[in-house]
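Structure record follows, encoded as structure tokens.
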Amino acid sequence: MGSRLGGRPRGSGDDDLEMQHEINVTPFIDVMLVLLIIFMVAAPLATVDLGVDLPASAVAPQPRPDRPVFLTVKPDLSIAVGEDVVARDALNAALDTATKGSKDERIFLRADKVVSYGDLMEVMNLLRNAGYLKVALVGLDGRTATP
């Protein structure tokens, strides 16, 4: 290993070196720095900011029901079932009347552009609490709109 300073022979029981009771953290720090570098390099690769040109669907649209039930959220956050404006606490009864009590019927939900996401989610929660779990969001077809 190494030579001793002083003239004592190696076999003498007089060892003047003390035991070191501290943890050597240098290898731990080295491993942590390597992991930090790996994560710093890999983190930008994990983002989903890539522009993707998705393929068009070749599936024919589902047929529209004979009498769809439209639930509309207006810009002033009032709710209309069909053409009739209803209060939020009367929504359940209005939907039951429009669907003839069938909770399995799909409700077509449409909202103005200015309605916030939170307000739309509140209306969806009202639908779920009323027992209507089949909800379709209605939007304009972007392919036929002219700029």
Side-chain angles (χ1 to χ4, degrees), residues 1-5 10 13 15-147:
M1 294 271 269
S3 64
R4 291 181 160 238
L5 296 177
R10 186 141 177 91
D15 215 12
D16 56 354
L17 293 176
E18 295 181 22
M19 291 292 264
Q20 187 176 9
H21 296 288
E22 297 174 5
I23 297 175
N24 187 3
V25 295
T26 305
F28 177 71
I29 292 172
D30 291 343
V31 170
M32 292 306 291
L33 288 175
V34 169
L35 288 174
L36 178 67
I37 292 170
I38 289 172
F39 283 119
M40 286 174 57
V41 170
L45 300 176
T47 60
V48 191
D49 286 344
L50 302 175
V52 177
D53 188 17
L54 296 174
S57 175
V59 177
Q62 292 183 347
R64 186 174 174 182
D66 293 335
R67 304 196 95 194
V69 178
F70 285 101
L71 179 69
T72 307
V73 182
K74 296 184 176 186
D76 61 353
L77 301 181
S78 61
I79 298 175
V81 176
E83 299 295 324
D84 304 325
V85 176
V86 296
R88 289 179 187 251
D89 54 349
L91 179 63
N92 195 0
L95 285 173
D96 287 342
T97 303
T99 62
K100 298 180 179 106
S102 174
K103 302 278 186 185
D104 289 334
E105 190 168 342
R106 186 171 310 277
I107 306 296
F108 291 90
L109 179 62
R110 56 188 176 181
D112 196 270
K113 284 183 182 179
V114 298
V115 175
S116 72
Y117 180 74
D119 294 326
L120 187 63
M121 287 303 299
E122 184 179 325
V123 173
M124 290 180 76
N125 285 334
L126 290 173
L127 285 171
R128 183 179 41 169
N129 292 339
Y132 294 95
L133 302 178
K134 292 183 177 181
V135 177
L137 298 177
V138 178
L140 294 177
D141 188 3
R143 295 175 290 171
T144 59
T146 56

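Remember, predicted model here, so these are calculated numbers, not experimental data.
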| task | Evaluate the criterion side-chain contact (heavy atoms from CB on, under 4.5 Å) for residue pair Leu77 and Val115; output intermediate values, then yes/no. | result | CA-CA 7 Å; Leu77 301 181; Val115 175; 4.0 Å; yes

| remark: side chain to side chain donor-acceptor pair (under 3.5 Å) pairs touching residues 118-127, sequence neighbours excluded, are Arg88-Glu122, Ser116-Asp119, Asn125-Arg128

| said: Val86 and side chain to side chain contact (heavy atoms under 4.5 Å, CB included): which single residue from Leu71, Leu95, Val81, Thr97 fits? | reply: Val81

| Looking at CG of Asp30 and CG of Leu35, how far apart are the two atoms once the value is rounded to the nearest 0.5 Å? | 11.0 Å

| said: So, applying side chain to side chain contact (heavy atoms under 4.5 Å, CB included) with Val123, which one of Thr72, Val135, Ile79 is it? | reply: Ile79

| message | Within this structure, what is the CG-CG distance for the pair Asp112 and Asp76, rounded to the nearest 0.5 Å? | response | 9.5 Å

| query | Is a side-chain N or O of Lys103 found less than 3.5 angstrom from the main chain of Ala130, in a donor-acceptor match? | reply | yes

| Approximate separation, where rounding is to 0.5 Å, of Met124 CE and Ile107 CD1 | 11.5 Å

| request: Mind checking the CG-CG spacing from Asp96 to Asn92? Nearest 0.5 Å is all I need. | output: 5.0 Å

| task | Please identify each residue that fulfils salt bridge (Lys or Arg N to Asp or Glu O under 4.0 Å) with Lys74, with sequence neighbours left out. | result | none

| message | Could you check whether atom CG of Leu33 has more than 12 heavy atoms from other residues, nucleotides or ligands sitting under 6.0 Å from it? | response | yes

| CG-CZ distance between Leu120 and Arg110, expressed to the nearest 0.5 angstrom | 13.5 Å

| request: Determine, stepwise, if the pair Leu126 / Tyr132 fulfils side-chain contact (heavy atoms from CB on, under 4.5 Å). | output: CA-CA 9 Å; Leu126 290 173; Tyr132 294 95; over 6 Å; no

| field | Nearest heavy-atom neighbours spanning Pro27 and Asn24 | value | CD-O, 3.6 Å

